[in-house]
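Structure first, then comments.
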Amino acid sequence: MGTLPLFPEQASTISLEVDHLYYFLVVVSVFFTLLIFGAIFYFAVRYRRRSETELPRFQHTGYALEVVWSVIPFGLTMIMFGWGASIFFKESRPPDDSMPIYVVGKQWMWKLQHMEGQREINELHIPVGRPVKLTMTSEDVIHSFYVPDFRTKQDVVPGRYTTTWFTATRPGKYHLFCAEYCGTKHSGMIGWVYAMPPDKYQDWLAGNPSGSLADRGARLFDDLACSNCHKADGSGRCPTLVGVYGSTVKLTGGGTVRADEAYIRESILDPPAKVVEGYQPIMPLFQGQVTEEDVVELIEYIKSLSPRPGVGQPASPDVPTAQPTAAGFQPSNR
Ligand code: CUA
């Protein structure tokens, strides 16, 4: 790279693959640009009109030539498609052992929450060599989480969760940008990702006073009086939330829904949207009553009531599982 860095650093496992595809696109583009412009100039001179009275002869193009100039570009674009799709699939599917982190974007800052309870603003600390999965939403408009050194960019959309993941390969400090114009201070919606050696990261994690996300969610669950109706043993007026996460929920009026993060979020903010079979729509709407960060804490608490490995549980063993005491927030029933 020398003094003029044409490319960002390659600091994630996917970087090299993305760059190789990019080099390929550049080489193909440059080759055909030169070929086409060279041919234009060559033919312009070679077949120029030589006298005022000259009339061009009609000439049919050879079929072989037409086939060649159709098949070769088709093959090249199919290579680009297949190659790009394979990288896209890889980037879309976080490994099962990914470390989950929640991201909330708002005008004009990034708020990040670790499972262990750390909260950060415009800074993200992660360990090197471990896949990190981001679950992201926005409080207002569309933002885009962009870390060039990781070759990762994902829109952050109000009202829904989007995800992305990456594995940092070398310790360092990497730029974090918002890559979607989101208002006056869009250009100031920036931060840093700190990739740290795993032991340093553990040290960093250790300085957390306020308990894990699930712990805070459990407190919130009581504070909001969710526990009055969602009782652990299912005796409340609303369904128990023990074991709900990851399960398939039957809905009033037929149909089922898989209880994932998006479903739980919707059921907190807008419970009437999907009512659990056999229950009344009595739960109040929490839209406007709780922040996106509160929702994340509640989701993590509810997830902790369903200890099923491999379905998005906090993989880290030091995350205390909240007691299934208050049980029931009510995912959908109303
Ligand atoms: Cu947020 Cu641009």
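Just so we're clear, the structure is a prediction, and the values are computed from it rather than from any experiment. All heavy atoms count here, side chains included; hydrogens, waters and symmetry mates do not. For ligands, and for the atoms within them, numbers begin at 1 and follow the listed sequence.
Note on H186: counted as a metal contact of atom 2 (Cu) of ligand 1, an N/O/S atom lying under 2.8 Å. Put simply, Q107 stays out of reach of atom 1 (Cu) of ligand 1, with no N, O or S atom under 2.8 Å from it.
In this structure, K173 forms a cation-pi arrangement with W192, its terminal cationic atom sitting closer than 6.0 Å to the ring centre and no more than 45° off the ring axis. Both tests do not hold together for R237 against Y279: distance to the six-membered ring centre under 6.0 Å, angle to the ring axis within 45°.
Rounding to 10°, one obtains 90° for the angle at atom 2 (Cu) of ligand 1 between O (E180) and SG (C178). Atom 1 (Cu) of ligand 1 lies at the vertex of an angle of 100° between the ND1 atom of H143 and the SG atom of C182 (rounded to 10°).
For H175 and F177, the ring centers are positioned less than 6.0 Å apart.
K153 is not listed as a side-chain neighbour of V147, based on a closest heavy-atom distance of 4.5 Å or more.
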